[in-house]
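Heads up: the structure comes next, in structure tokens.
So that the names make sense, note that chain A is the first sequence line, chain B the second, and so on, each numbered from 1.
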Amino acid sequence: MIEINTIRTQPDLVKKGLAKKHFKDIQLVDELLQVDEQRRKVQQSLEDIRGKENILAKEIGELFKQGKKDEAETKKAQVTGLKEESAKLTEQLNKLESDQKDILVKFPNLPHSSVPEGKTPEENEVLKQVGEIPTLHDGATPHWDIAKKYDLFDLELGVKITGAGFPVYRGKGAKLQRALVAFFLDHAIEAGYEEVIPPYMVNEASAFGTGQLPDKEGQMYHATEDDFYLIPTAEVPVTNIYRDEIIEEKDLPKKNTAYSPCFRREAGSYGKDVRGLNRLHQFEKVEIVQIAHPDKSYDILEDMVKHVEVLLQKLELPYRILRLCGGDMGFASALTYDFEVYSAAQKRWLEVSSVSNFETFQTNRLKTRFRDENKKVRLAHSLNGSALALPRIVASLLENHQTKDGVTIPAALVPYTRFDKIA
RNA sequence: GGAGAGAUGGGUGAGAGGCUGAAACCACCAGUUUGCUAAACUGACGUACGGGUUAAACUGUACCGAGGGUUCGAAUCCCUCUCUCUCCGCCA
């Protein structure tokens, strides 16, 4: 949620930011300001009347104590008149407050000044590309064929058990998953992140806090009986650790990492985009999350980018880093770097990580604050990144490292898999 | 799933219609004392939304699990819900 104060003091800046994100209803900014002004007016008159009521109530109490019943009754009559008025104003205020929130919740976050203009993924800015694009041997195949050959995962079996997009990993395929998770977690822990194992279902307040609700309702699986949502990413439960918290400045930044399965409904794609492990309803991911001082959050974002880079280098995968353009960024993000890994057999780049600074957009909803050096309570910044999502890493690992007689496991991963070849 | 008890500030915990935004103790913070630490003493110490201010000061309203109700007045009484604990049942 954009801070109301920003909209009040810098409406033009807000409009410009929203335009960069290709938000359609920019006139909502002016509507919001009107509602806000009205709301404050009503709130003031209401509080004024409430104040009078409070004073009278006290006086009535006094009078009763002194036995001056008649005077007390006269005052009671006065209060009755005030109450009618305050009831009316309360109703108005509630309406205005909910109107205001309804609008506020629709605004995406404002983009950072470095975010490039643009609407489509093609307009994302490629910052750098690292690593050799491998030339594959004759007869090299996409990962779904490799998986079949070595019995690493089985999508049809998943269809039988659940449905499309729920793979069954088996044998070395399963072990590879486990190895990658451990490898990623160990790196995060080494970088100072505290590991947590969060719930994989969250309540409505948590889903709202990180921005999944009300915007992306349809992307989450919803257990309606208990009104829980299956997490689309560990970001949701982990960031919500800090909901309604005031953190001492000296304790910032808070750094957490978590492995979790992720559940996404993601309707509406087809063809090669969803072949094999390219797009799944359930997948594994290690997430890193930080709650940061506003002055430091962009330095921290760079650190997180570096963290992900090192992982990809150790896995010996060619990657590139993109700075997302305004139109392709997520709803809640102020600046997002996407990581893509080259999938040699599919001959395309696959997104494997997204690292973002949300500034105060999430923390404003979450009420995640810190006490600064002047003892003032302020909103912290929240950041997160995938470090890393497994399926496409597995896909490119299998494709890029395939040889005529099997798939070579990168050296950094061998201590975790305890085999160096899939053959 | 059944029965009972409970939910108050960072923590423990008092309060049982007006004197309570809330005792006391602990923790935290600032200071005094001290060679240093400890102890002792003094003081400050919730949040949100408004008003006010360059910023403070100051000030209004709301908040004692959540929502509703009774009342001139509710942490306190009533209703609904949620959660926690104890016992029983079931269970990895």
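With the nearest nucleotide of RNA chain B identified for both A/K250 and A/I60, A/K250 has the one nearer the 5' end. Mapping A/L56 and A/E59 onto RNA chain B by nearest heavy atom places A/E59 closer to the 5' end of the strand.
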Only pairs under 3.5 Å count here: list side-chain donor-acceptor contacts from residues 151-176 of chain A, not counting sequence neighbours, and write none if there are none.
unit_1 : atom_1 : unit_2 : atom_2 : d
A/D154 : OD1    : A/E156 : N      : 3.1
A/D154 : OD1    : A/L157 : N      : 2.9
A/K172 : NZ     : A/K421 : O      : 3.1

In residues 294-303 of chain A, what donor-acceptor pairs under 3.5 Å come from side-chain atoms, sequence neighbours left out?
unit_1 : atom_1 : unit_2 : atom_2 : d
A/S297 : OG     : A/N357 : ND2    : 3.0
A/S297 : OG     : A/H381 : ND1    : 2.7
A/Y298 : OH     : A/E359 : OE2    : 2.4
A/E302 : OE2    : A/Y337 : OH     : 3.1

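Rounded to the nearest Å, the gap between the C1' atom of B/rU42 and that of B/rU80 is 49 Å. Using C1' as the reference atom, B/rU71 and B/rC83 are 29 Å apart when rounded to the nearest Å. B/rC64 sits 13 Å from B/rA14 when the C1' atoms are compared, rounded to a whole Å. Taking atom C1' on both nucleotides, B/rG13 is separated from B/rA92 by 38 Å, rounded to a whole Å. Comparing the same atom, P, in B/rU53 and in B/rG43 gives a spacing of 34 Å after rounding to whole Å. Comparing the C1' positions of B/rA16 and B/rC77 gives a spacing of 10 Å, expressed to the nearest Å. The separation of B/rA39 from B/rU32, taken at their C1' atoms, amounts to 14 Å, rounded to a whole angstrom. Using atom C1' as the reference point in both B/rG51 and B/rC26, the two lie 37 Å apart (nearest Å).
Using a 4.0 Å heavy-atom distance criterion, A/D48 is classed as making no nucleic acid contact.
Distance A/E53 CD to B/rA74 C1': 14 Å, rounded to the nearest Å. As a whole-Å value, the separation of A/F370 CZ from B/rC29 C1' is 18 Å. A/E248 places its CD atom 11 Å from the P atom of B/rG10, with the value rounded to the nearest Å. Taking atom CG of residue A/D227 and atom P of nucleotide B/rC81, one finds them 17 Å apart after rounding to whole Å. Atom CD in A/Q92 sits roughly 17 Å away from atom C1' in B/rU61 (whole-Å rounding). The nearest whole Å value for the distance from the CG atom in A/D244 to the P atom in B/rC63 is 18 Å. What separates CG of A/N203 from C1' of B/rG65 is a distance of 14 Å, to the nearest Å. For A/R243 and B/rG65, the CZ to P distance is 18 Å, given to the nearest whole Å.
Within the structure, a side-chain polar atom (N or O) of A/N54 is placed less than 4.0 Å from OP1 or OP2 of B/rA62.
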For each nucleotide in nucleotides 46-51 of chain B, reading 5' to 3', give B when a protein heavy atom comes within less than 4.0 Å of its base, S when such contact involves only the sugar-phosphate, and - otherwise. -SSBSS
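Side chain to side chain, A/S396 and A/E399 fail the donor-acceptor criterion of an N or O pair below 3.5 Å. With no hydrogens or angles considered, no side-chain donor-acceptor pair links A/N278 and A/R275 at under 3.5 Å.
When the side chain to side chain donor-acceptor pair (under 3.5 Å) test is applied to A/D328, the partners found at least two apart in sequence or on another chain are A/N124. With sequence neighbours left out, A/T363 forms a side chain to side chain donor-acceptor pair (under 3.5 Å) with no residue at all. Checked against side-chain contact (heavy atoms from CB on, under 4.5 Å), A/A19 has the following partners two or more places apart in sequence or in another chain: A/I26. Considering only residues two or more places apart in sequence or on other chains, A/F208 meets the ring-ring contact (aromatic ring centres under 6.0 Å, His included) condition with none of them.
Stem analysis of RNA chain B (Watson-Crick or G-U pairs, both distances under 3.5 Å, runs of at least three) returns B:1-7 with B:82-88, B:10-12 with B:24-26, B:29-32 with B:40-43, B:46-51 with B:58-63, B:65-69 with B:77-81.
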Assess the residue pair A/F107 and A/F23 against the criterion (ring pair (Phe, Tyr, Trp, His ring centres under 6.0 Å)); give the C-alpha distance rounded to whole Å, side-chain angles, the decisive distance to 0.1 Å, and a yes or no. CA-CA 8 Å; A/F107 294 139; A/F23 180 73; 5.5 Å; yes
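The stretch residues 78-89 of chain A participates, sequence neighbours left out, in these side-chain hydrogen bond (donor to acceptor under 3.5 Å, both in side chains) pairs: A/E53-A/S86.
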